[in-house]
Structures are given as C-alpha cells and as structure tokens.
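Heads up: the structure comes next, in structure tokens.
Reminder, nothing fancy here: chain letters follow the sequence lines and each chain counts from 1.
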Protein chains: 2
Amino acid sequence: MNDAYLNFVNSPLGGKLVRTLGLPKPEVLRRYRADQPEFDGLVAIGAGREPQCLDALAGVIARLGMTSVAHESAALWMPLAARHGLMTGRFEPVDAGSPARVNALIFDASGIDDSRHLEPLYTFFHDALRSVARCGRLVVLGRTPQLCASARQWTAQRALEGFVRSLGKEARRGMTANLIYVAPDAAHGIESTLRFLLSPRSAYVSGQVVRIESAPAVQALTDTFDWQRPLAGRRAMVTGAARGIGAAIAHELAAQGAHVTGIDIPAARDALDSTMRHIAGTALAFDITAPEAPANIAAALDEKGIDIVVHNAGITKDKTVAKMSVDAWRSVIDINLSAQERIDDALLDAGTLRDGGRIVCVSSIGGIAGNVGQINYAASKAGVIGRVESMATPLRARGITINAVAPGFIETQMTAKMPLAIREAGRRMNSMSQGGQPVDVAQTIAWLAHPGSAGVTGQVVRVCGQSLIGA
Amino acid sequence: MNDAYLNFVNSPLGGKLVRTLGLPKPEVLRRYRADQPEFDGLVAIGAGREPQCLDALAGVIARLGMTSVAHESAALWMPLAARHGLMTGRFEPVDAGSPARVNALIFDASGIDDSRHLEPLYTFFHDALRSVARCGRLVVLGRTPQLCASARQWTAQRALEGFVRSLGKEARRGMTANLIYVAPDAAHGIESTLRFLLSPRSAYVSGQVVRIESAPAVQALTDTFDWQRPLAGRRAMVTGAARGIGAAIAHELAAQGAHVTGIDIPAARDALDSTMRHIAGTALAFDITAPEAPANIAAALDEKGIDIVVHNAGITKDKTVAKMSVDAWRSVIDINLSAQERIDDALLDAGTLRDGGRIVCVSSIGGIAGNVGQINYAASKAGVIGRVESMATPLRARGITINAVAPGFIETQMTAKMPLAIREAGRRMNSMSQGGQPVDVAQTIAWLAHPGSAGVTGQVVRVCGQSLIGA
C-alpha cells in the first residue's frame, strides 16, 4: 500500500539525491479530489485535414470551463469555439525556461484518410509537448479503423495507435496519452469518455484505445445533466466488495450517486457490513460459487432491479502447472469466471438487470499477457475478456453495455505481500514508474458505468499506467 | 550478431559457473537444418470434450512420421490413429530422474463449449509438461471465438489464450507454446501451420495465436505435395533484400524453391547483387519511395507475374517527438508504410500479383507496443498492421492472403550497435532469454507464403520469443 521510493524521491532531501544520482523520479500523480476543480487551465487543439469531431469537442470544452488555444494545424477551431462561447486564442510554444502552462493537448485525426496525411499529428505534438504541465493529458481522436471507407484510411487510422502508445511512453511527468476511435455519427457520444480521459480521475490510465460507437441512448444527456453525480438514482451491485479494490469500487459508485449492494463471502461479513455502512449500501453475504447463489442474488435484487453489475470478486492460487492442484485450478476458474457467467445469466433471464444497464468485469493484465505460475488465473481473466467480447452484441438491443477493466500493478494488501524485487519490478515497469491505487480502478469502472458511456461496449481498458507488459 | 552470454553459459566452464551461481541459462535453440530430421520422436495428444480436430491431426502426424501417445483425456485418439496407420500407445509420465522423452504436446480444445469444461486442458499439461524434452513444442487447438455458437463457448475458447500465454512463460528450456484457432470446417487447413509450429523452423515463435479460416484453396494440397520445396515454381519479391533480415528472407524463400527478385536502394547494389547471385535470384536496384518506383517494379515483374510479395524494407530515425525533425518523420512513414501501399496498389491494379498470391509485411513489436524515441517508426509499423487488417477482406475473393510478422529483438548489425544495457534487456526480456536470428523471421514469412497457408490472412504473428513487451 506504501511506495516508499515514490514518497522518498518526492521529499526535499530525496529529490536532491535523485537529481544528483540521476535516478528515475516517479511523479506524484494528481488524483480527483472533491475540493479541487476537476478541469481547469488551458487545452491546446490540433487537427489533421477535414477533422470530424471539432464541433462536438468545442461543446465539451465549453461545458468543462476550460480555455482553449488553437495550434496552426487547427485553423477551423477559432470560429467553432466562438460559436460555443469558448474563450480561445492561438497556441504559442513556451520559451525555454518558462513554466509549462498547457494542461491538455487534443488532436482531431478523425479526417485523416491516407498515411501521407499523418504529418500534422507529428507537427502538433512536436510543437506542443514541451508546453504541457505535469500530469497533463494527451488525447488523439480518430475514426474506428474497422468502419473506415477505404484500406488507405483504415491504415492511416490504425497508425495512430503506434503513435499514441509511443507518446505515452515518452511523455513522463505523470502525463497520460490515450486514443479515442469515434465511429461515424458518434461524435455526440464522446463526452463521458473525453471528460474521463481529461480528468485526474484517469491518473493511471495511459496508452489505451477506446472505441465510441453510435448509440441512441447517449443523446438523452442534456446541458442540465448532473455531471457531478452521474449515477444518482442508479442501483449497483459489486462482488467482492468487503475490502481492497472491491471496497474502493463500492465507495466510488456511491460517491457518484449510486445505491450499492455489496456482495462478499460470509467469512468477510464484518468487513462487508462496515464498508456498506459507510456508504449507506446494502450488504449481501453470499458465496457466489454456491449453486443457489445466482438465483438468490437475482431474488434479492429483483424488487427494485439493478442498473450496474460489477464482477470484481476474484482469487489467485499460484503454482506452476506441473505443481498446481486440481482444486487450485477449479476454484480460480469457478470464482473468477464461471460464477460471473451464472450470475449474469440469472440477472438477464429474470430481467433484474434493467435495459440501459452496465456490466463491468474485472480482468487483469495477466489475462492479456499470461504469467508464470498463474495458468489458472490467466485463463480465467482471458475468459472474462471473452465474456465481454461475446456478450456485447446480444446485449446491444437492450442498451446494456459490457466492458472489462484490466488492472496492472495496483497497491493493495496482496501486492504488499510480494517479494521486494518482484514488487519493485511491477511498480516501475510502466510509464508512470509506480503502482496504481484501488481508486484508479474504481474511477475507470465508474466511467464505464456512466449513463453517457452508452457508446462504449465490448472493450477492455487497462488500468496499468501503460505497463510495459502485454501480448 | 553475437550473444556472448548465451555462448558462455552453454560452454562446459560457463555451465558449471551458472549452476553454482543460479544465473539464468538461455537454451541453445534447435533450429532447422537440412541435414537433420525436421520431425521426429514422440507427440502426446490430449483433448477436451467432443474434440473437432483429432481426425485432421492424426492425418498430419502420420504424414510427419512421428509416433503418438494418447493422454487419458484423449480416449478417441487410439482408433483414429489406427485408421491413419499411425503408431500409437498410452501416455505414461516419466519417472522422476529419467530423461524427458516427449517432443510435442498437442491438446485439442476445439469442442470445449463452457468454462466449466476447461479442466482437461489443465490435467493434460499438469500430467505431461515435465515429460517434454528441451525445445519441445506445445500446441493447443481451439475454435475461433468470434465464430462460436454461444457466448459461453466464445468465453471458454477465449480463455485458452491466457492459458497458452502462461504456458509459454512457464515452459522454459527452449520450448514454445502456441494456440491455433480453427474455424468450423477448416480443420483440413491446419497442416502448414501445425507443421510450422511443430518444426524447429518456429524456434523463436512462442505465445502466439494463429487463426485458420476455411479456404477452398487449401484443399488442393494432396499427399504428393512436396513439403520440402513448397515454393517451387513460385516467384517472390523481397524489398530491402541486400542485407540483414531481408537477405535472410530471400535465402529462405529460395531454399524452399521460389525464384526471388530482390529490391534495394542503388547505394546497396553490390550487396544486393551478391545476395541474389548466391540464390540465382534477380536484383533490382530501385529506391522504393521514388514516384516512378511502383510502376517500374510492376513493369519489371509483369511478364512472368509474381506470387509472393515481402515488404521488408524499413528504416529507423529515432528521436523523441519534441526533438524529431520533420525529415525523420516523413522518411520513416514514407519508406516503412506509404511505399508499401503504393507498390501493392500498382501490383494489384496491373494484375501482376497473381490470384492465390501472398503478401507478407514486416511490422514490429514497436508498432504494437509503441516505444520511446520511435513515434515515427511505431506509427509506421502500426499502420502496417492496419494494412493487413484492412486488405484481408477485399483480397479474399482472389485467394490472396496478407499478413504481417512483428519481430522482437533480432540479432542484427543494428542491434549489435545498441548500448550494452539496452541490448541485454532486449535479449533477456522474453521467454527464451535470448534474441532471435534473422532466419527466424525468414522461416515465419516462408510459412505465411506457403501454398498451404491459404486459410491464414489478416493476421500479425510476432517473432519475439514471447517478449514480455506488448500492449
């Protein structure tokens, strides 16, 4: 839970020592605090030819109350910004030595239809990256490659991914870099995602690709929407909610207005009760793998229904496959994967999960990349990705989205027990040079659970500080 | 080009020292040699419920001349093997202390339709992994998730990926672990891919997922097919063929029977001529980025046509984006990406690339994961992945496949010039604890260029020893 190196290098003495010795200095990440403005300062806008998202973007920036400056690549920005009543000016690079002053760079690449026309992307970040303040936000908007009209356009749009992942690795100083692929006619649906990626709420989300599809439900959000308590009136269920990441998820969903029903095993009843008391939630002590659990959960939630299901419960039982017991295999697969399937089937069959609902599953980088000694865990977490990919299409008709988050190294009681060398490697092998916090996972889940995220489904978002590890 | 550590730890003195100190000992990988049998020894077969690929598998194993043993999970194997005239028996785990004796483990998971039924996968590898000899081969056959009939089946099949990637990381001793997803009715098309993954030709390919789709062209291969010279009578073109990986590709395609036209810049003419002379190929000294190059290449090849196009030419011009010159951006994008697009368009428009042809593009792990100082290179190599994904569908009607290989750390003159610490990190951060050789990339390309690989298209295969680095 405690990253002593991070704390030390950010102390006055430690900072001096680190500079003298040339050691890596992880940045103290700026995270969301209710007593600090979520969005402020300056955003610089760049664009490729025929940008498709600038109008929607100007609307969002105006609602956020940020001031914008236009890079020379985004000549269209000034009149659009004026139409949205947005304060704007021209981007000027900072002089060497003067403090960086831009808080976000956003580039609209959605109109680029050929690799020959990628150059403004380079020019914008070449000119502007040095002007970005610590913990700044870098966002590129593109067109979903699979929905492009030509192979040339698809290719150019796919190139953005290599660009943004490199940008995230270069940026340092707590900055994040992410790519949003917007489907044709889906620009109206970018707001919840753009807000999340510009906010300190996404402190540990970098190097990610999010696709926004066209979803009618998104259009229901109006100027009067309560962006501070977006989950007000919604009912959420979180498994494994007694402690750790599960408790953080329950807290965050409640903070954003949801009523939370927390589920955990009977042995964790005291911790579960305590967590739920803090957030005026409901505690349900169930073993989710019991044969009767799915029906019991559905029955307990049926009267008022449920809008948000978070499958967080999971265990590890690590051994290399030759030494692994059959019980270690069975229990990990059953708790981490099969139980999710049975519970969702029960909630969907009974109609307990309401139309427009949200399912968010916790996967893992181990499910993406595999891991030594975790053949059971990795199989279960890869299976969770399969759930998300397979169920997105059938659930679309009911306006239900299903997504997964894949945490990397998160500072928990579990990671605190790792051997020092493995813990330090896990902490440093990412673009932030540090582990994430449970709240980082919780904030990402809250964004996916948001009513405005109707266009985000079937996806896996890593919460890993852009870990080096992948597949 | 020279991994001193690998050589040292595999010397008598070095081996003793490594054992004493407990240092990692990368295995000397077994690679293909014309004077050694490509396939020999014992293969152990396991299976989940209702396996779909055993019959096709028995046919391949019989043609390879390997002996098989059946794990208790694969009760169906014995009668099937007998029908194919295949020597077979029951799998018996080796006693502790006796030498490992199985050269390959193959598990048919294609019939598993629910996460509850994954257990035989665990049981098989739990029982058999310790019996595998060094540089053994682990292969799992599954059903393409996207083509599964139910969400449960899709989920179970997707879980295989996490399993196999973990297996590759655990296996060590030069073993590889790969997953083949077979489309319904495509089991007849597994032979070229299964041969490649069982052969020493795939020494540095591990942790990969290959999809086989149903393709009518595959059925044309008969028992009389010449598997030793599968490219006989085919005409291939390789860009950047003068030296390094390009020269290795040209050599391998020629060794498998193709006539090779090598292309490289006029400044490399002497090296190109020398490389082509060795393989009785044709040298074309062209700058592929020149405006007239695509038309000239098409004209030079037009008379006899071309069957195999390998886009290997590529450069790096590394700088962080703030320091990168516009020329470094432009030249890398143009050579590595846009030139490929122009050349393919010219070859396709003129009909120079024949029906049933093969396009293989060289991408990079940098294009998948991004890299510091390579924003131009990563964008170009991600764009190459976009080419493969976007062109597979339109080319299917003509029986042309398009795929990419993504090399990881390959021992070349380029990597030999890296600073020691970066070179050593690149070499060791993979499941083989060593860099690959240019021939490993060349063999992978030859498999994709194979007439039997008609069912493999739109894919990216990493040649990286299962590098830890990914996205």
Side-chain angles (χ1 to χ4, degrees), chain A residues 115-116 118-119 122-123 125-126 129-130 145 148 151-152 154-170 207 320-322 324 326 329-330 333 337-338 341 366-367 369-376 378-383 385-387 389-391 394 468-471, chain B residues 115-116 118-119 122-123 125-126 129-130 145 148 151-152 154-170 207 320-322 324 326 329-330 333 337-338 341 366-367 369-376 378-383 385-387 389-391 394 468-471:
Chain A
S115 66
R116 286 178 300 142
L118 286 165
E119 192 170 309
Y122 151 79
T123 312
F125 288 99
H126 172 75
L129 190 60
R130 276 195 262 226
C148 285
R152 289 279 181 106
W154 179 326
T155 296
Q157 291 294 327
R158 186 61 179 75
L160 300 178
E161 197 176 317
F163 186 96
V164 171
R165 292 194 199 272
S166 297
L167 194 62
K169 291 186 175 182
E170 286 189 8
T320 54
V321 66
M324 184 178 285
V326 68
W329 171 266
R330 281 182 192 159
I333 296 289
L337 178 57
S338 307
E341 298 182 287
N371 200 8
V372 173
Q374 295 199 315
I375 212 154
N376 49 358
S380 73
K381 294 299 190 178
I385 295 173
R387 293 192 67 231
E389 293 171 342
S390 62
M391 290 176 65
L468 210 62
I469 297 171
Chain B
S115 65
R116 284 178 299 142
L118 286 165
E119 192 170 308
Y122 151 79
T123 311
F125 288 99
H126 171 75
L129 190 59
R130 277 195 260 225
C148 285
R152 289 281 181 104
W154 179 327
T155 296
Q157 290 295 326
R158 186 62 178 74
L160 301 179
E161 196 177 317
F163 186 96
V164 171
R165 291 193 199 274
S166 298
L167 194 61
K169 290 185 176 183
E170 286 188 7
T320 55
V321 65
M324 184 178 286
V326 68
W329 171 266
R330 281 182 194 158
I333 297 287
L337 178 57
S338 306
E341 298 182 288
N371 200 8
V372 173
Q374 296 199 315
I375 212 154
N376 49 358
S380 73
K381 294 300 191 180
I385 295 173
R387 294 191 67 231
E389 292 171 342
S390 62
M391 291 175 65
L468 211 61
I469 297 171

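- With a 4.5 angstrom heavy-atom cutoff, A:Q374 touches chain B only via backbone atoms.
- Separation of atoms CZ (B:R330) and OH (A:Y122) is listed at 8.5 Å; rounding is to 0.5 Å.
- Contacts with chain B were tallied for A:S166, A:G162, A:C148; A:S166 has the most, counting heavy-atom pairs under 4.5 Å.
- A heavy-atom distance below 4.5 Å is not found between the side chains of A:V326 and B:T123.
- Heavy-atom pairs under 4.5 Å with chain B peak, among A:R116, A:R165, A:E170, A:K169, at A:E170.
- Only the side chain of B:L129 comes within less than 4.5 Å of a heavy atom of chain A; its backbone N, CA, C and O stay farther away.
- At a 4.5 Å heavy-atom cutoff, the contact between B:L167 and chain A is made by backbone and side-chain atoms alike.
- Note on ring orientation: taking the six-membered ring where Trp is involved, the planes of B:W329 and A:F163 are perpendicular (angle over 60°, cut-offs 30° and 60°).
- The NE2 atom of B:H126 sits 9.5 Å away from the CE atom of A:M324 when rounded to the nearest 0.5 Å.
- When all heavy atoms are compared, the tightest approach of A:T155 to B:S390 is OG1-OG, 3.6 Å.
- Of all the listed residues (A:G207, A:G470, A:A378), the one sharing the greatest number of non-hydrogen pairs under 4.5 Å with chain B is A:G470.
- For the options A:G373, A:A156, A:G367, A:G366, heavy-atom pairs under 4.5 Å to chain B are most numerous at A:G373.
- Ranking B:I375, B:V372, B:I469 against chain A, the residue ahead of the rest is B:I375, based on heavy-atom pairs under 4.5 Å.
- Atom OG of B:S115 and atom CZ of A:R387 lie 9.0 Å apart (nearest 0.5 Å).
- Of the listed residues (A:L118, A:I333, A:V164), the greatest number of heavy-atom pairs within a distance under 4.5 Å of chain B belongs to A:L118.
- Put simply, of A:E119, A:E161, A:Q157, the one with the most heavy-atom pairs under 4.5 Å next to chain B is A:E119.
- Contacts between B:L160 and chain A at a heavy-atom distance below 4.5 Å are absent for every atom of the residue.
- The line from CG of A:L337 to CZ of B:R158 is 11.5 Å long, rounded to the nearest 0.5 Å.
- If you measure heavy-atom distances from B:A322 to chain A, the contacts under 4.5 Å come from both the backbone and the side chain.
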